[in-house]
Every structure is written in C-alpha cells, then in structure tokens.
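Notes follow the structure.
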Amino acid sequence: KKVVVESRGSVVLVNNNHIIEALTELIDLGFIVEPTSVAAYAAYKLIKESINPGETVLIPLTGSGLKMIDQLVELIRRARQNLNPEVLKF
C-alpha cells in the first residue's frame, strides 16, 4: 500500500471472467501466454478509457502458454459454454 500511495499509483482488481475474456482476446490476436500474465492485459482493458491520448502503456506478457495449450483451449471452451456472454464483456 505504501508504494502505491507514494507513487500516486493505483490498483486494478480483475476477476476470473475478466481474465478468461482477456485470454481469449490475446489468443485470437496470436499471443499465447500463461494465464497469470493475462491479468495485466485484463486490468488494462478495465482502465483504458482513463489513459490520456499519447500516453505510452507497456503490458508485459510473460511466459509461454504453449506448454499448457490444451488446458487453455479447454478453459476457453468451458467458459464460452457455461457463462453468459454478457458476463464476459468489459
């Protein structure tokens, strides 16, 4: 908390639905990353409207999801079947 306050930063919380939606979008864009890395992109999607035009944003997408591609595909398949699509929209 101290670092966030001193840097005048903020914290963005994302839930599993945000992560699944962001993971699906990244895979559609050709980025296969591990799910914990997707949280940064999911958070960006929640705050992108508050970013000033011309500001640079760096989102580190780490890890390769290639080692777990079958699990990622299954996760997305189940999410698309079981969740209302409106729940997944930001």
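All heavy atoms count here, side chains included; hydrogens, waters and symmetry mates do not.
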**OP:** For salt bridge (charged side-chain N to carboxylate O under 4.0 Å, His left out), just list the numbers for Lys45 and Glu21, CA-CA rounded to whole Å, side-chain angles, deciding distance to a tenth of an Å, and then say yes or no.
**Re:** CA-CA 10 Å; Lys45 291 187 58 81; Glu21 177 68 18; 6.0 Å; no
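- Glu55 meets the side chain to side chain contact (heavy atoms under 4.5 Å, CB included) test with Ile51, Asn52; sequence neighbours excluded.
- Hydrophobic clustering, with ILVMFWY side chains joined whenever heavy atoms are under 4.5 angstrom apart, keeps Val12 apart from Val3.
- Residues Ile59 and Tyr41 share a closest heavy-atom pair of CG2-N, 3.8 Å.
- Applying the side chain to side chain contact (heavy atoms under 4.5 Å, CB included) rule to Ala39 yields the partners Val14, Ile19; only residues at least two apart in sequence or on another chain are considered.
- In this structure, the side chain to side chain contact (heavy atoms under 4.5 Å, CB included) partners of Val11, at least two apart in sequence or on a different chain, are Val4, Leu13.
- Closest approach of Val33 to Leu23, counting heavy atoms only: O-CD1, 4.0 Å.
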